[in-house]
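Step one of this worksheet: look at the structure below.
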Amino acid sequence: MSHLVLARKWRPRSFAEVVGQEHVVRALSNALTQGRLHHAYLFTGTRGVGKTTLARILAKCLNCATGLTATPCGVCPACQDIEAGRFVDLIEIDAASYTGVDNMREVLENAQYAPTIGRYKVYIIDEVHMLSKSAFNAMLKTLEEPPAHVVFVLATTDPQKVPVTVLSRCLQFNLKQLPAVRVAEHLKHVLNAEGVPFEPGALSLLARAAAGSMRDALSLTDQAIAYGGGRVAESETGTMLGVIDQAYLYPLLEALADNDGPRLMQEAARIDERGLSFDAALQDLASLLYQLSLAQTVPEAVSADTPERDRLFALARRLDGETVQLYYQIATLGRRDLEWAPDEFAGFSMTLLRMLAFTPEAKGESAEKRQLESGRQGARYNPATAVAAAAPVDSTPVADAAARQETSGGLDWIALTKRLTGGVKQLASHCTVLDQKPRLLRLRLPELQKPLLESFGDKLRATLRDRLGEDLRIEFEFGDTAGAAPAQVAAREQARRMADAEAAIEADPFVQTVLKQCDAKVTQIKPL
Ligand SMILES: [Zn+2]
């Protein structure tokens with residue numbers, strides 16, 4: 001239990017020990033060494049980024065027995081008393097619990113008197129935005145004509161709520177949240193110094209959970225040491241934090257890479273059974289997709305400590321870069337939409353299904369085998385007969401009258417679209433062929449899909465030239481596709497299967513008997 005003090009023990013005592021916030025430290029150090037002092041400083045930033053820690057270090061700089069300095073000695077009575085929280089000329093006020101004007105007036109009246117033992121009277125006012133209006137007015141009077149021996153250090157998480165009249169009299173510094181990598185690095189340094197054994201993956205988990213606050217990271221590390229009986233292991237830390245171990249998300253992405261819908265839904269159900277937060281799951285999924293994208297584009301940037309590194313790179317080779325980008329976007333949007341979903345599981349599953357819809361058609365034997373197994377071959381186009389420009393019109397399998405029009409000029413647009421992937425496929429599936437000549441292909445799409453065209457138009461042009469001829473000119477125009485675009489054909493096919501399924505249920509004597517005898521209701525029908 002002697003470890004349960006890391007956050008206090010490793011609290012920075014000097015500017016040199018502060019992790020991150022280099023911009024603030026440099027500005028303050030320069031001001032101190034050049035003797036350019038300000039009467040009021042405002043530190044802003046989210047909780048736990050080190051606002052009051054910096055304020056206390058500044059108090060030492062102002063009062064250290066060695067003189068005004070950016071490197072306080074740490075051993076003189078002033079430094080030690082400030083460290084121990086008993087320096088009479090350092091007045092710390094938590095505005096969250098100290099809002100009355102009388103208190104504030106009393107405090108500020110005392111500001112007029114010279115410091116008792118120090119060089120400066122330092123007022124640290126934490127959560128300063130919580131002060132009442134009259135308290136701010138009392139403070140403003142002092143700020144307008146500050147006694148030479150007074151320094152205010154104001155700290156707030158919400159500078160918007162500090163009156164402009166006060167803001168304008170302060171030198172303002174914005175403290176940043178620390179990137180997880182920096183936090184993990186520092187944790188490593190701390191645990192090595194403390195002689196606590198750890199697994200690097202655990203430090204990444206702790207750093208991410210701390211969301212940019214070193215203080216939170218150290219507190220969590222204390223917890224993890226206690227939880228792990230003196231060591232910080234990855235799996236135990238994950239359990240403690242209630243995070244989904246990323247390994248758990250690999251099956252989802254692997255099912256997507258296999259274009260295997262049933263397995264994808266099984267994995268989603270497994271996450272549901274474990275009672276994990278779907279919001280956290282989507283966040284972790286986005287984070288894993290980011291890692292995948294890194295592995296594909298800048299492999300050297302993937303840290304050696306990354307958990308399941310081999311699995312990550314194996315997956316990175318199976319998915320193309322564009323698909324990973326799309327999945328990332330779908331995951332982050334899915335997280336945003338989660339609160340609007342009928343329920344969290346539906347929102348989560350829908351996000352996965354959207355990814356599945358973007359998944360390139362699986363190629364080769366396994367895809368055909370799956371088609372046979374699912375018995376849906378008749379409803380699908382066989383990719384094997386998919387069409388080159390020269391394919392005769394009447395030999396093309398066509399399931400829809402509207403689709404037949406698309407084969408005019410010999411190009412089976414629907415079959416071709418099926419063989420595309422990612423965003424290019426999405427764009428193509430909203431287009432119809434207006435006209436096809438030997439060196440010209442004119443496509444039409446609804447104006448609504450303009451963003452897709454802007455993102456993937458050039459790529460689709462390149463893909464089509466690749467397949468249909470280098471000298472092909474491709475023109476797009478906006479207009480009504482009259483239900484003939486592949487996406488519309490597919491939607492109709494889906495609706496037809498749904499109607500068939502409903503009709504089959506309706507006509508099933510057994511179902512009807514159950515409904516009557518048990519006073520039951522059909523709540524959901526899914527086509528097989
Ligand atoms: Zn000192």
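First listed ligand is number 1; within each ligand, the first listed atom is number 1.
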Are the ring centres of F345 and F278 closer than 6.0 Å? yes

Main-chain N/O of L319 paired with T323 side-chain donor or acceptor, under 3.5 Å: no

Do other residues, nucleotides or ligands put more than 12 heavy atoms under 6.0 Å from E145 CD? no

Sole residue of L154, T157, V24, L42 in side chain to side chain contact (heavy atoms under 4.5 Å, CB included) with K51: T157

Inspect the surroundings of CZ in F478 and state if more than 12 heavy atoms from other residues, nucleotides or ligands are less than 6.0 Å away. yes

Which pairs would a plain distance check flag for residues 330-339, meaning a side-chain donor or acceptor within less than 3.5 Å of a matching protein atom at least two apart in sequence or in another chain?
unit_1, atom_1, unit_2, atom_2, d
T332, OG1, Y328, O, 3.1
T332, OG1, Q329, O, 3.0
R335, NE, D279, OD1, 2.9

Any protein N, O or S atom under 2.8 Å from the Zn ion (ligand 1)? Found C64 SG, C73 SG, C76 SG, C79 SG

